[in-house]
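These notes are about the structure you will find just below.
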Amino acid sequence: MTTRFCTFSTALLLFPLAACAHYEPKPLLVDAAAAPSLQAPLNDILSRDAAAIDRPYLKPVALDLSAPLDPNGIAILAVIANPDLKAQRARAGVGDAQVFAAGLLPDPTFSFGVDHILSGPDPLDNIAGTLGFSLNALRTQKVQRAQAIAEARQVRLDLAWAEWQTACNARLQAVRVLALEQALANTATSADASEALLGRYLKAAGRGDISPDQVQSSRIAALDAQSNFRSAQTNLQAARSELHRLLGLPPDYALRLAPTPMPATVPDANRLFAMALAGRSDLDALRAGYDAQEAAVRRAILEQFPNLDLTISGARDTGGNKLLGPSIGFTLPLWNRNRGGIAVAEATREALHQEYDARLFQTRADIAAAVSGLAIARQQYEILRAGMPAIESFAKASRRAAQRGDLALATAEVAEQSLRDRQLLLLQSEQAIAEQTIALELLVGAPQESWTL
């Protein structure tokens, strides 16, 4: 009897081990040449992923990095290749694993013991075994799983919001790069013209043909032009570096950008706020987090009741008597009754409620401010554009007059510099409109193409 019981117990203990997971190491790659995040993405893999991408604000395309990228291509590349998003997507898998874990019942407990007789009249060893199961897990499993599902949904929605933010930031940097490239060409022309004018003034001053004040004014203008040129170089390099980082590209990767048209006018702030309330994934994530906390409150209330443990015991004593019987253990809810856990859960729920209301208030204020800023930027742009024909006409007329000898060359160059200054202001105004429109898209949670006037 003893041998058979021991054999059965050993088999019962070893059987679950056959289905256990096995550990496999996965070391980090410390070699820069082998780290995937430091390598240039393969064009065929990007093209395949871009054609299969499924996001409401992106259009699947056959992405080609050798061709100029439009705003949609920039956003797709950012979502696919950004290293931070890759890490966040891997982290989102933890939530799915937690949902799986929440649906599992706890394993039963088993104990077995043998008391060998050293002396005495009884001929048999004392054998005892128990099989236990926590009944409390059955009571809270449903609400625990609901909490895990809501938390996993929150993680996925936070990931969607992070993808949208990264896509908008990448498009914003692309607009900045395009504008700064044009600004660099403008300031380079101004710097060359200012240096040439200063050289002529210095020669004229050496002959005594002009006064020192004119030379000093020309010198200051040349210094300002050089300073603007160096600032444009620095800003362009910083914008390119940030764009490469957002797109998951090496710093020296050759990237071409397609020009973007002027954004269309936007609807009123109230309509945009209604769209944000219905479509922003961060607001959906907050709602999912609140649902998870509602489940946590229900679970805390359930846990105020006694925790039941069912145990089935079997034994054979030294006299050969065979015993079998159940036992139930539970806590007496006299003092604690999980009142502390319930208080914490309810306070956390109230905090999440207030955080959600604060996010709504901030969203409405941000959208209203962005719409007002865009209206001012468009007014400034129209004023600048309206004055451009007259300045262009004056600069061309001054150049023709200087070529005929009717006007000093310096006067024509000053007129042309005024035109370049106005062109630079107009370019900066266009950049401001494009950047503010993308910022408004980020606040609304949807691209401008989906807005209805």
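Note that the structure is a prediction, hence the values are computed from the model and not measured.
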Ignoring hydrogens and angles, state whether a donor on the side chain of N169 or Q165 is under 3.5 Å from an acceptor on the partner side chain.
no
Using only heavy-atom distances, determine whether the side chains of Q233 and R230 contain a donor-acceptor pair under 3.5 Å.
no
Once ring-ring contact (aromatic ring centres under 6.0 Å, His included) is applied, what residue pairs with a partner in residues 223-243 remain, sequence neighbours excluded?
none
Does D421 reach the side chain of L425, with side-chain heavy atoms less than 4.5 Å apart?
no
Please examine the side chains of P326 and T311, heavy atoms only from C-beta on, and report whether any two atoms are closer than 4.5 Å.
no
Of all residues at least two apart in sequence or in a different chain, which pass the side-chain hydrogen bond (donor to acceptor under 3.5 Å, both in side chains) check with S372?
none
Do NZ/NE/NH1/NH2 and the carboxylate oxygens of E163 and R89 come within less than 4.0 Å?
yes
Can we say D70 and R171 salt-bridge, meaning some charged N sits less than 4.0 Å from an Asp/Glu carboxylate O?
no
Check: T166 and D84 side chains under 4.5 Å, non-hydrogen atoms
no
Which is it for R153 and D284 under the salt bridge (Lys or Arg N to Asp or Glu O under 4.0 Å) test, yes or no, and what are the steps along the way?
CA-CA 9 Å; R153 187 169 71 253; D284 289 338; over 6 Å; no
Salt bridge (charged side-chain N to carboxylate O under 4.0 Å, His left out) partners of R378, counting only residues at least two apart
none
Set out, in order, the CA-CA distance, both residues' side-chain angles and the distance that settles side chain to side chain contact (heavy atoms under 4.5 Å, CB included) for I53 and I80, then state yes or no.
CA-CA 8 Å; I53 196 167; I80 292 176; 4.1 Å; yes
Looking at R316 and D125, is any side-chain nitrogen of the basic one under 4.0 Å from a carboxylate oxygen of the acidic one?
no
Can a side-chain donor-acceptor contact be found between S190 and R420 if the only test is distance below 3.5 angstrom?
yes
For M388 and L419, what are the C-alpha separation, side-chain angles and deciding distance, and is it a side chain to side chain contact (heavy atoms under 4.5 Å, CB included)?
CA-CA 8 Å; M388 283 296 297; L419 175 61; 3.8 Å; yes
So does E303 pair up with R299, basic N to acidic O under 4.0 Å?
yes
Who passes side-chain hydrogen bond (donor to acceptor under 3.5 Å, both in side chains) against Q173, sequence neighbours left out?
none
Between Q237 (side chain) and T234 (backbone), is there a donor-acceptor pair under 3.5 Å?
no
Could I get the full list of side-chain hydrogen bond (donor to acceptor under 3.5 Å, both in side chains) partners for E181, not counting sequence neighbours?
R240
Side-chain H-bond candidate by donor/acceptor type, T130 with S313, under 3.5 Å
no
Among all residues two or more places apart in sequence or in another chain, which pass the ring pair (Phe, Tyr, Trp, His ring centres under 6.0 Å) test with Y57?
W164
